[in-house]
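Let me begin by presenting the structure, written as structure tokens, before commenting on it.
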Amino acid sequence: GAVVSQHPSWVICKSGTSVKIECRSLDFQATTMFWYRQFPKQSLMLMATSNEGSKATYEQGVEKDKFLINHASLTLSTLTVTSAHPEDSSFYICSARDFMAGAYNQPQHFGDGTRLSIL
Amino acid sequence: SQQGEEDPQALSIQEGENATMNCSYKTSINNLQWYRQNSGRGLVHLILIRSNEREKHSGRLRVTLDTSKKSSSLLITASRAADTASYFCATDSLYGQNFVFGPGTRLSVLP
């Protein structure tokens, strides 16, 4: 089945550091990838939709200058948390859809998430 | 705004019992999907039911969809301790909106 690899799985860094998270579709092409944020015991909150070769679409309330998204190829999207602060600590999850399999009625395939802890 | 709303929020059962989780949503959909998340991990797709389907089975899973009531249920039969996880429904809107996840049901299956 379709596999999405997310790296790193766990990051601890000092306040002010920028952190890059990678999301790769390993065996399919993903024209669109999604980035979610999840707080403990809560659901996933969509942050942005990443489109290959174009600008990401951010959800209301998500700062695009804070969370930079790049989707330079059909298999890779990156999320950079710039100048991270303790309030950015969270679990970040990416997902992708295999649009070659049909635009609709296809599941999303999720990475294993990245736990970000800012000290 | 949240589209899917699961209930109950938490469910604790004994191994071997059945677990039923419900999901309600608000807008018209292409399909509804159920996902499972183990603690600290990503989501695993369980089952997709299209808007023109009423029931679907996959192993010990049974999903129903009632579009007139805008609701779905996930039944896990003969539960096992390994089924302990959070379960989310997500809707794929007719109007091109992205997936919207409900708050999830935390299932605990006690050995």
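Below, each value reflects all heavy atoms present in this structure, side chains not excepted, and no hydrogens, waters or symmetry copies.
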Distance, nearest 0.5 Å, that separates CZ of F101(B) from CD of Q38(A):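 F101(B) atom CZ to Q38(A) atom CD measures 9.5 Å (nearest 0.5 Å).
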Roughly how far, to the nearest 0.5 Å, is the CZ atom of F91(A) from the CD atom of Q37(B)? 6.0 Å
In terms of hydrophobic clustering (I, L, V, M, F, W, Y; side-chain heavy atoms under 4.5 Å; direct or indirect links), are [X] and [Y] co-clustered?
| X | Y | answer |
| --- | --- | --- |
| Y58(A) | M33(A) | no |
| L68(A) | M47(A) | no |
| L46(B) | Y25(B) | yes |
| V4(A) | L76(A) | no |
| L48(B) | V100(B) | no |

Would you indicate whether the side-chain heavy atoms of D92(B) and R97(A) approach each other to under 4.5 Å? yes
Measuring heavy-atom distances to chain A, does L43(B) have an atom under 4.5 Å in its side chain, in its backbone, in both, or in neither?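 For L43(B), heavy atoms of backbone and side chain both lie under 4.5 Å from chain A.
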P107(A) to H45(B) - nearest heavy-atom pair and separation: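 For P107(A) and H45(B), the tightest heavy-atom pair comes out as CB-CD2, 3.3 Å.
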Where is the tightest heavy-atom contact between R41(B) and I93(A), given as atom of each residue plus distance? O-CD1, 4.5 Å
Mark yes or no for whether Y35(B), through its side chain, and Q108(A), through its backbone, hold a donor-acceptor pair below 3.5 Å.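 Side chain of Y35(B) to backbone of Q108(A), a donor-acceptor pair under 3.5 Å: yes, one is there.
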Kindly say whether G104(B) contributes a backbone atom to a donor-acceptor pair with the side chain of S43(A) at under 3.5 angstrom? no
Under 6.0 Å from the NZ atom of K70(B), do we count more than 12 heavy atoms belonging to anything else shown?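 Count over threshold, so yes.
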